[in-house]
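Indexing begins at 1, ligand by ligand and atom by atom, following the structure's order. Since this is a predicted model, take the numbers as computed values, not measurements.
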Amino acid sequence: MSGPVLVTGAAGRIGTVLRGGLPERGWALRSLDVVPVPDVRPGEEQLVADAADLAAMTDAARGASAIVHLAGISGESTWPAIRDTNIESTYCALEAARLAGVPRVVLASSNHASGYTERPADGALLREADAPPRPDTYYGVSKVAMEALGSLYVDRYGLDVVCLRIGSAFAEPTTTRQLSTWLSPADTVSLVHAALSAPAPGFRVVWGVSDNTRRWWDLTAAQELGYESVDDAEVYAEALVEAHGEPDLADPVHRRVGGEYSTDEFDAENFSA
Ligand code: 15L
C-alpha cells in the first residue's frame, strides 16, 4: 500500500508504542499531535495540528493510505471537554478521510463503550456482538459515538473502518482487573497492524486485549482480522494478587467490562476539564 499512515495523537501513550512498532511492520508514518512528537525517526513525517480542526486534518490526510485515530482525552472528563475533543475529532478524522480519499480508518474505541455490560454468567467469553453500546461514562459515550460515526462512514461513503475496543493498554498491568484487560505494547502493534492489513474489512468492532489467561473478552473477531497476541498478563499475577488479593468476581470492578469506571464512586462530577 502506498502513502504513509496518518497517526493522530501520535505523541500519546499508544501513539508512542505504535511509532516504535509499526515501522518494523513496514508502515511509513505521518505523526500528528498538538505537541511535537519527540525523537522523530528517519522517514517519519511530523505534523503539529489539532485533530479536531477539519481543515488541518484534511490537509494532513492527503496522500495517506490510512488513518489511525488515537487523538482525544483518554479517560473520563467533563461533558464539554469530551464532546469538543473526542467526538469532534472523530468526526474530523472520518470526514478528512472521505474528503482526502483515504480508504481506511482505524479508530481507538474503548471497552468503556460497553462498560456496563456484565461478565457472562455461564463463563463463556464475551463476544463484541453481545456487548452493544452501554457506556459507563461520558468518555464511554464518546466511544459509542466513535463506533456510530465509523458505521455511518462505511455504509454511506464506503470507507473501511475498524474500531478497536481497547482494554488496558499500558506497559504492564498494575491492578488485578488488568490481569484480564491488559493489552501489551507488542500486542497493540499487532492489533493495529492487523486492522491496517486485513483485506476489505468493511465495518468491524473488535476487543483489544492480550491473550491473557484471565481474559473474558472473546478474541475470535480480532483474530479473524489477523491479530496474533504474544503476551499474557498472567506473568504479573503472583505479585499483583499478593499485593491486592484474589479478584472477587462478584465485585462490579471485575464483573463489568468497564471495571472501576462502572462503579457509583466513579462519577463525572469528580472530573474537571
Ligand atoms: C481506557 O479506555 C482508558 O484510555 C484507560 O485510561 C483505561 O481506563 C482503560 O480504558 C481501562 O479500562 O483499563
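Exactly one of Ser77, Ser74, Ser142 qualifies for a side chain to side chain donor-acceptor pair (under 3.5 Å) with Asn86. That residue is Ser142.
Annotation: side chain of Leu164 is in contact with side chain of Val162 (closest heavy-atom distance under 4.5 Å).
Side chains of Asn212 and Ser180: no donor on one and acceptor on the other come within 3.5 Å.
A salt bridge does not link Arg127 to Glu224: none of the charged side-chain nitrogens sits closer than 4.0 Å to a carboxylate oxygen. The existence of a salt bridge linking Glu128 and Arg165 is excluded, since no basic side-chain nitrogen approaches an acidic carboxylate oxygen closer than 4.0 Å.
In this structure Arg25 satisfies the salt bridge (Lys or Arg N to Asp or Glu O under 4.0 Å) test with no other residue, sequence neighbours excluded.
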List, for ligand 1, each N/O atom that has a protein N/O partner under 3.5 Å away, with both atom names and the distance.
unit_1   : atom_1 : unit_2 : atom_2 : d
ligand 1 : 2 (O)  : Ser110 : OG     : 2.8
ligand 1 : 2 (O)  : Tyr139 : OH     : 2.7
ligand 1 : 4 (O)  : Ser74  : O      : 2.6
ligand 1 : 4 (O)  : Tyr139 : OH     : 3.1
ligand 1 : 6 (O)  : Ser74  : O      : 3.3
ligand 1 : 8 (O)  : Tyr261 : OH     : 3.3
ligand 1 : 10 (O) : His112 : NE2    : 3.1
ligand 1 : 10 (O) : Gly167 : O      : 3.4
ligand 1 : 12 (O) : Asn111 : ND2    : 3.0
ligand 1 : 12 (O) : His112 : NE2    : 2.8
ligand 1 : 12 (O) : Arg177 : NH1    : 3.0
ligand 1 : 12 (O) : Arg177 : NH2    : 3.1
ligand 1 : 13 (O) : Ser168 : OG     : 2.6
ligand 1 : 13 (O) : Arg177 : NH1    : 2.9

